[in-house]
Student: 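Sharing a structure below in structure tokens format, with a few things to ask.
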Amino acid sequence: MRKTFYIETFGCQMNVHDSEKVAGTLVGSGYRAVESAEEAELVLYNTCSIREKAAQKVFSRLRNFRKEQAKGKLFGVLGCVGQQEGEKIFDAAPHVSLVVGSASYGRLPELLRRLEQGERRVTGLDLDTDETFETEFTQRGNPFRAYITIIEGCDKHCAYCVVPFTRGPERSRTSESVVAEARRIADAGYTEIQLLGQNVNSYRDPAARVTFAELLAAVAEVPGIRRVRFTTSHPRDFTREIVEAMESHPALCNHVHLPVQSGSSEVLRRMARDYTREQYLERIGWMRAAKRPISITTDIIVGFPGETPADFEQTVTLLDEVGYDLVFSFQYSPRPNTPSLAMEDVVPEAEKNLRLRVLQERQKQIQLGRYQDFVGNVEEVLVEGHARENQWKGRTEQNIVLNFTVAEGGAAVQAGDYWKARVTHAGPNSLVGEAEGGPVARAAIRGAAGSPFAILQ
Ligand code: SAM
Ligand code: SF4
């Protein structure tokens, strides 16, 4: 009988994809995935500690399961909380047997063997590595979008961020292995790829002189790949060559997520972001001057220590100046080990909360205006499934949700298809439209219909 496992994932796409690779590693080590923690013999939490709330969620999950220990289940904490708390997790949650940071996932088969041989507690917490986590199997959970990690860790050390402490130093994969994975993904029927890293722009092939822009071009040329996305870009390392690659390769989606964090150069300096408002706007200018329109989205932190009302106002005016299609905004959350923990002039919680609401309200209006500009356009949509009866949900090349209907008697729609739809209405978060003609390209993916997992070797 194969042992069973269940993984719950918290946090970003990097974590989602790490879980896909961990699941593949477990399957390769003789385990079988089940649908709930209750059914599983091994329960893993792949965790996020970017903000305090995210880290707390994990401990509340672990508390829920204390009683289960008696039933012979094994528990593991993977990822950023695992790396940050280390062996202290065993004190807080004595029923945990495995604590592994993302820089040690390559050691998982060995750590699992030690658990199976009866060791009560095992850890993988070494950060001092130049290796990336490459797996023989990846158990992909998203039937339409295949993730590929191209760079792990981060060397930037922004003053508020735990990532360099939880994911370790920056290390890139070879372009050869990235392109080979893209080919395997295309052969399995995927048409959309998303390249991942904390700062994809600082990608450097360790074996050849291949820049990020050149890697983008190489992946865009893989036969069968219709859409290539990438995240996250860092303004300091974002180059004109990336925009040029997007201009000359239609498979590179016309969307860039370029986190700004603040519109005030003074706050950016204290955040150690390594660019000014003006330098950020210069990058925006490159994209706005591109041969095809590029959709721009961002991340913003409000209430960083010392952020004055005038600094905050500069962030609000930046929203107007750039015209983002989506903004992920957060209240500053003090994190262990980070330099901003020791900074003075802490912004009170109530003020942070107020600034967040002001920012989100302004962005909602901007977004509605931007989405209304799509009305009348014909956009290509990758269909993900039903929005409601008789209406299909998909995403445009800019990653905007577009729900569309097909006229009576039109061709049948399948998830994974590409359709053209004319936009008829716009809300602040999505577009509505009507199909034009039949499918542009048909779903090719194995397992998209019934199985939640497409398994790739
Ligand atoms: N590497 C990316 C970058 O440079 O922007 C993203 C890193 S992080 C996973 C995603 C977002 O979380 C950041 O862009 C930032 O807006 C937010 N974030 C990171 N640390 C934070 C903190 N201490 N408090 C609030 N938000 C934070
Ligand atoms: Fe964190 Fe800055 Fe690295 Fe992004 S670039 S992961 S915000 S340290």
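The structure displayed is predicted, hence computed values, not measured ones.
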Student: Any salt bridge between Glu181 and Arg173, counting N to O under 4.0 Å?
Tutor: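 Yes.
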Student: Run the side-chain contact (heavy atoms from CB on, under 4.5 Å) test on Val401 and Asn429 for me, step by step, so that the C-alpha distance in whole Å, both residues' side-chain angles and the decisive distance to 0.1 Å come before the verdict.
Tutor: CA-CA 7 Å; Val401 171; Asn429 296 310; over 6 Å; no
Student: So Ser265 and Thr276, side-chain hydrogen bond (donor to acceptor under 3.5 Å, both in side chains) or not? Walk me through it.
Tutor: CA-CA 5 Å; Ser265 293; Thr276 61; 4.7 Å; no
Student: I would like to know whether Arg204 and Thr211 meet side-chain hydrogen bond (donor to acceptor under 3.5 Å, both in side chains); could you show each step before the answer?
Tutor: CA-CA 6 Å; Arg204 279 287 172 282; Thr211 64; 5.6 Å; no
Student: Consider only side-chain N and O atoms of Arg273 and Tyr160, and report whether a donor and an acceptor are under 3.5 Å apart.
Tutor: yes
Student: Strictly below 4.0 Å, N to O, side chains only: are Glu110 and Arg113 in salt-bridge contact?
Tutor: no
Student: When rounded to the nearest 0.5 angstrom, what distance separates CG in Leu196 from OG1 in Thr232?
Tutor: 8.0 Å
Student: Show the nearest heavy-atom pair for residues Pro336 and Leu341, with the distance to one decimal.
Tutor: CA-CD2, 4.1 Å
Student: Atom OH of Tyr147 and atom OH of Tyr190: how far apart are they, to the nearest 0.5 Å?
Tutor: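 Atom-to-atom, Tyr147:OH and Tyr190:OH are 10.0 Å apart.
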Student: Ala40 and Phe5: which non-hydrogen atoms are nearest, and at how many Å?
Tutor: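 Nearest heavy atoms, Ala40 then Phe5: CB-C, 3.8 Å.
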Student: Hey, does the side chain of Thr396 reach the backbone of Gln398 with a donor-acceptor pair shorter than 3.5 angstrom?
Tutor: yes
Student: Closer than 3.5 angstrom, by distance alone: can the side chain of Tyr105 be matched with the main-chain N or O of Gly79 as a donor-acceptor pair?
Tutor: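 Such a contact is found between Tyr105 side chain and Gly79 backbone.
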Student: Where do Thr298 and Phe328 land on the side-chain contact (heavy atoms from CB on, under 4.5 Å) test, with the steps shown first?
Tutor: CA-CA 6 Å; Thr298 201; Phe328 297 94; over 6 Å; no
Student: Would you check if the side chain of Ser264 reaches a backbone N or O of Val267 as a donor-acceptor pair within less than 3.5 Å?
Tutor: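 Such a contact is found between Ser264 side chain and Val267 backbone.
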Student: Glu41 side chain to Lys3 main-chain N or O, any donor-acceptor pair under 3.5 Å?
Tutor: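 Judged by distance alone, no pair lies under 3.5 Å.
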Student: Can we say Asp237 and Lys156 salt-bridge, meaning some charged N sits less than 4.0 Å from an Asp/Glu carboxylate O?
Tutor: yes
Student: Angle between ring planes, Tyr45 versus Phe75, binned at 30° and 60°: parallel, tilted or perpendicular?
Tutor: parallel
Student: Is a side-chain donor or acceptor of Asn201 paired with a backbone partner of Ser233 at a separation under 3.5 angstrom?
Tutor: no
Student: For the CD atom on Glu247, are there more than 12 heavy atoms of other groups (residues, nucleotides or ligands in this structure) within a distance under 6.0 Å?
Tutor: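 Atom CD in Glu247 is crowded, with more than 12 foreign heavy atoms closer than 6.0 Å.
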Student: Does Glu307 come within less than 4.0 Å of Arg355, counting only side-chain N to carboxylate O?
Tutor: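 Result for this pair is yes, salt bridge flagged.
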Student: Got more than 12 heavy atoms from elsewhere within 6.0 Å of CD, Glu119?
Tutor: yes
Student: Could you measure the distance from the CG atom of Leu78 to the CG atom of Leu98? Nearest 0.5 Å is fine.
Tutor: 6.0 Å
Student: Parallel, tilted or perpendicular for Tyr280 and Tyr324, by the 30°/60° rule?
Tutor: tilted
Student: For Thr25, is there any backbone N or O sitting under 3.5 Å from a side-chain donor or acceptor partner on Ser29?
Tutor: yes
Student: For residues Arg288 and Ile294, report the shortest heavy-atom separation together with the two atoms involved.
Tutor: NH1-O, 3.0 Å
Student: Between the side chain of Lys21 and the main-chain N/O of Thr149, is any donor-acceptor distance below 3.5 Å?
Tutor: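 No: the side chain of Lys21 does not pair with the backbone of Thr149.
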Student: Just to verify, what does Glu221 make a salt bridge (charged side-chain N to carboxylate O under 4.0 Å, His left out) with, not counting sequence neighbours?
Tutor: none
Student: Is a donor on one side and an acceptor on the other found under 3.5 Å between the side chain of Arg370 and the backbone of Gly323?
Tutor: yes
Student: Taking CG in Asp91 as the centre, count heavy atoms belonging to other residues, nucleotides or ligands within less than 6.0 Å. Is the count above 12?
Tutor: yes
Student: Near Arg183 CZ, under 6.0 Å, is it more than 12 heavy atoms from other residues, nucleotides or ligands?
Tutor: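 Counting neighbours around CZ of Arg183, 12 or fewer heavy atoms of other residues, nucleotides or ligands fall under 6.0 Å, so no.
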Student: Looking only at heavy atoms, what is the nearest atom pair of Val163 and Ile50, with distance?
Tutor: CG2-CD1, 3.7 Å
Student: Does the cation-pi check pass for Arg226 over Tyr418, that is, NZ or CZ under 6.0 Å from the six-membered ring centre and within 45° of its axis?
Tutor: yes
Student: Which atoms form the tightest heavy-atom contact between Pro305 and Ser340, and what is the distance?
Tutor: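 Closest pair (atom of Pro305, atom of Ser340, distance): CG-O, 4.0 Å.
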Student: Do Val27 and Arg32 come within less than 4.5 Å of each other through their side chains, counting heavy atoms only?
Tutor: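 A side-chain contact is absent here, since even the closest heavy-atom pair is not under 4.5 Å.
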Student: Holding to salt bridge (charged side-chain N to carboxylate O under 4.0 Å, His left out), I want the full list of residues that pass it with Asp126, two or more places apart in sequence or in another chain.
Tutor: none
Student: Checking side-chain hydrogen bond (donor to acceptor under 3.5 Å, both in side chains) for the pair Ser202/His234: CA distance, chi angles, key distance, verdict?
Tutor: CA-CA 8 Å; Ser202 70; His234 191 293; over 6 Å; no
Student: Kindly give the heavy-atom pair with the smallest separation between Pro293 and Asn254, and that separation in Å.
Tutor: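 Of all heavy-atom pairs spanning Pro293 and Asn254, the closest is O-ND2, 3.1 Å.
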Student: Exactly one of Leu62, Thr47, Thr166, Val162 should register a side chain to side chain contact (heavy atoms under 4.5 Å, CB included) with Val81. Which one does?
Tutor: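 With Val81 as partner, side chain to side chain contact (heavy atoms under 4.5 Å, CB included) holds for just one option, Thr47.
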Student: Tell me, do Tyr6 and Leu42 make a side-chain contact under 4.5 Å, heavy atoms counted?
Tutor: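 Not in contact.
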Student: Is Arg292 paired with Glu397 through a side-chain N to carboxylate O contact shorter than 4.0 Å?
Tutor: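 Yes, this pair counts.
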Student: Distance check, rounded to the nearest 0.5 Å: Ser49 atom OG versus Arg167 atom CZ?
Tutor: 9.5 Å
Student: Look only at the side chain of Arg171 and the backbone of Pro206, and say whether a donor-acceptor pair between them is shorter than 3.5 Å.
Tutor: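 Checked: no pair found.
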Student: Heavy-atom count check: over 12 atoms from other residues, nucleotides or ligands less than 6.0 Å from Arg209 CZ?
Tutor: no
Student: NZ of Lys57: more than 12 outside heavy atoms within 6.0 angstrom?
Tutor: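 No, because the 6.0 Å sphere around NZ of Lys57 holds 12 heavy atoms or fewer from other groups.
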Student: Just wondering, do His386 and Lys393 contact through their side chains at under 4.5 Å, heavy atoms?
Tutor: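 No - every pair of side-chain heavy atoms lies 4.5 Å or more apart.
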Student: Please evaluate residues Met287 and Val256 with respect to the criterion side-chain contact (heavy atoms from CB on, under 4.5 Å), reporting the C-alpha separation (whole Å), side-chain torsions for both, the decisive distance (0.1 Å), and the verdict.
Tutor: CA-CA 9 Å; Met287 287 187 268; Val256 172; 3.6 Å; yes
Student: Could you go through Phe230 and His257, starting from their C-alpha distance and side-chain angles, then the distance that decides it, and tell me whether this counts as ring-ring contact (aromatic ring centres under 6.0 Å, His included)?
Tutor: CA-CA 8 Å; Phe230 54 92; His257 184 65; over 10 Å; no
Student: For Glu244, is there any backbone N or O sitting under 3.5 Å from a side-chain donor or acceptor partner on Ser248?
Tutor: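 The answer is yes, because a donor-acceptor pair under 3.5 Å joins these two groups.
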